[in-house]
S.K.: 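Sending over a structure as structure tokens; questions will come in a sec.
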Amino acid sequence: MSSLTPNVSPLRQRMIDDMRMRKLNGRTQIGYIRAVRRLAAFLKRSPDTATAEELRSFQLHLVDTGTSPTTINGTLSGLKFFFDVTLGRGELMVKMQPVPQPRKLPVVLSCEEVARLIAAAPNLKSQAALSVAYGAGLRASEVISLKVTDIDSERMTPRVEQGKGRKDRYAMLSPVLLERLRAWWRLGHAQGKILPNGWLFPGLNKVDPVTPRQLNRAIHDAAEAAHIDKRVTHTLRHSFATHLLEQKVDIRVIQVLLGHKRLETTALYTHVATEVLRKVISPLENLPPS
């Protein structure tokens, strides 16, 4: 076990070490610690003393106080790790079941809105980053993690290292996107912002990548400047998938490009591909005249 950090109890340190042993990512670790801290606040004592009945009461408390399904399920995941792995008392969580989450349709921009959004980005770096999100269908975390060496102009593919699910994959690189990236690289390199073999989109300190918050801020600023009222978080990736589907690209190809594990996840975009839906002929049209 690593040495104790000041103000960290031996129990929490053990859980931290358990998560580090399994190489859980930082955001997951923070979420799991928050879940156990929330339980301790409810119990008003150490969380390792909880009983199965108290855990049941805790979940009822979360429901009754209006906690969202996403937060409830995330909390249960953290507690399951704590009791199962750290304490070896997984039986206490047997009756704790996740709650159903409503599935909302993704917000999709039209091609004209995408063009306006990218053009309204505050600078060349932001325009290039938004172009990657839409042109390659990458998540925000994947965009900011790109390095200069990940762009293969000969094979016309950007390499996504350790995307969601810790999987490497190749995305698509169109000639237009490549030219936009080259324009940004020339400017960033001339200004000394891009290091050799460094981040494609460096932050204020060029040894670090731009943060998700900074990228998200750029998207919202661009949406405001372009007078787009739709919710724009994740919308460029959603628009990428939907527009490909409307172009009759095979859904299994789209699944690979998005890095989805299950086809059912990609199939969600069939519900928002309006060009596809408009071309479907209703059976009402084929009824004989009355």
Side-chain angles (χ1 to χ4, degrees), residues 1-104 106 139-145 162-167 208-209 211-217 231 233-234 237-238 258-262 264-265 268:
M1 184 183 297
S2 60
S3 59
L4 284 175
T5 305
N7 301 322
V8 173
S9 69
L11 180 61
R12 179 180 294 189
Q13 186 65 50
R14 184 174 182 83
M15 183 179 178
I16 292 172
D17 291 340
D18 287 337
M19 293 188 291
R20 288 177 53 242
M21 286 171 61
R22 289 154 181 80
K23 291 190 174 182
L24 301 187
N25 68 52
R27 292 180 63 183
T28 299
Q29 292 190 37
I30 292 171
Y32 282 9
I33 291 294
R34 185 183 295 121
V36 178
R37 192 165 57 234
R38 188 178 287 127
L39 173 63
F42 173 78
L43 295 173
K44 295 183 173 58
R45 65 177 193 272
S46 180
D48 61 335
T49 63
T51 64
E53 187 62 26
E54 286 174 326
L55 288 172
R56 181 177 183 275
S57 297
F58 175 59
Q59 183 167 354
L60 284 171
H61 166 75
L62 294 178
V63 172
D64 292 342
T65 53
T67 306
S68 71
T70 300
T71 300
I72 291 176
N73 291 340
T75 300
L76 294 183
S77 295
L79 294 181
K80 186 177 187 305
F81 183 93
F82 175 66
F83 284 100
D84 190 12
V85 177
T86 300
L87 298 182
R89 299 174 61 201
E91 72 280 357
L92 293 176
M93 293 291 297
V94 170
K95 294 186 178 181
M96 304 285 283
Q97 297 297 322
V99 299
Q101 297 190 55
R103 192 160 197 178
K104 299 180 180 180
R139 302 174 178 90
S141 60
E142 295 169 343
V143 172
I144 65 177
S145 297
Q162 298 296 287
K164 189 173 182 179
R166 294 185 179 178
K167 294 180 180 179
D208 297 318
T211 66
R213 177 172 293 184
Q214 290 169 332
L215 181 60
N216 193 49
R217 183 71 266 166
R231 179 170 52 85
T233 304
H234 307 304
R237 176 173 161 88
H238 295 326
L258 292 174
H260 284 163
K261 183 178 180 180
R262 298 184 301 168
E264 291 81 359
T265 305
L268 177 66

S.K.: Please find the pair of heavy atoms, one from Thr211 and one from Ile144, that lie closest to each other, and give the distance.
M.R.: C-CD1, 4.2 Å
S.K.: Under 3.5 Å, side chain of Gln97 to main-chain N/O of Val94, donor-acceptor pair present?
M.R.: yes
S.K.: CZ of Arg262: more than 12 outside heavy atoms within 6.0 angstrom?
M.R.: no
S.K.: Partners of Arg213 by side chain to side chain donor-acceptor pair (under 3.5 Å), sequence neighbours excluded?
M.R.: none
S.K.: Report the C-alpha separation of Met93 and Asp84 in whole Å, then their side-chain angles, then the decisive distance to 0.1 Å, and conclude whether the side-chain contact (heavy atoms from CB on, under 4.5 Å) test is met.
M.R.: CA-CA 8 Å; Met93 293 291 297; Asp84 190 12; over 6 Å; no
S.K.: Should Asp17 and Arg20 count as an ion pair when the cut-off is N to O under 4.0 Å?
M.R.: yes
S.K.: Is there a side-chain contact between Leu39 and Leu55 (heavy atoms, below 4.5 Å)?
M.R.: yes
S.K.: Looking at OG of Ser68 and CG of Leu62, how far apart are the two atoms once the value is rounded to the nearest 0.5 Å?
M.R.: 10.0 Å
S.K.: Please say whether more than 12 non-hydrogen atoms of neighbouring residues, nucleotides or ligands are located less than 6.0 Å from CZ in Arg231.
M.R.: no
S.K.: State, to 0.1 Å, how close Ile33 and Arg12 come at their nearest heavy-atom pair, and which atoms those are.
M.R.: CD1-CG, 3.9 Å
S.K.: Which pair of heavy atoms, one from Gly78 and one from Met15, lies closest together, and at what distance?
M.R.: O-CE, 4.0 Å
S.K.: Please tell me if the side chains of Met21 and Val85 come closer than 4.5 Å, counting only heavy atoms from C-beta onward.
M.R.: no
S.K.: Could you tell me which residues satisfy side chain to side chain donor-acceptor pair (under 3.5 Å) with Thr233, sequence neighbours excluded, listed by chain and number?
M.R.: none
S.K.: Nearest 0.5 angstrom please: Met96 CE to Ile72 CD1, how far?
M.R.: 10.0 Å
S.K.: Do Ser46 and Thr49 get their side chains close enough for a donor-acceptor pair, meaning under 3.5 Å?
M.R.: no
S.K.: Got a second to check how far Thr75's OG1 is from Arg37's CZ, nearest 0.5 Å?
M.R.: 11.0 Å
S.K.: Distance from Leu87 atom CG to Arg14 atom CZ, nearest 0.5 Å?
M.R.: 8.5 Å
S.K.: Does Arg56 have more than 12 heavy atoms from other residues, nucleotides or ligands lying within 6.0 Å of its CZ?
M.R.: no
S.K.: Could you tell me whether the side chain of Val99 reaches within less than 4.5 Å of the side chain of Gln59, counting heavy atoms only?
M.R.: yes
S.K.: Are the side chain of Arg237 and the backbone N or O of Leu258 linked by a donor-acceptor pair below 3.5 Å?
M.R.: yes
S.K.: With ring pair (Phe, Tyr, Trp, His ring centres under 6.0 Å) as the rule and sequence neighbours excluded, what pairs involving residues 71-98 come up?
M.R.: Tyr32-Phe81
S.K.: So which heavy atom on Arg45 is nearest to which on Ala50, and how close?
M.R.: NH2-CA, 4.3 Å
S.K.: How many angstroms lie between atom NZ of Lys80 and atom CG of Asn73, to the nearest 0.5 angstrom?
M.R.: 13.5 Å
S.K.: Below 4.5 Å, heavy atoms only, C-beta onward: do Thr28 and Met19 meet side chain to side chain?
M.R.: no
S.K.: Atom CD1 of Ile16 and atom CD of Gln29: how far apart are they, to the nearest 0.5 Å?
M.R.: 7.5 Å
S.K.: If you take all heavy atoms of Leu79 and Ala35, which pair is closest and at what distance?
M.R.: CD2-O, 3.8 Å
S.K.: Inspect the surroundings of NE2 in His234 and state if more than 12 heavy atoms from other residues, nucleotides or ligands are less than 6.0 Å away.
M.R.: no
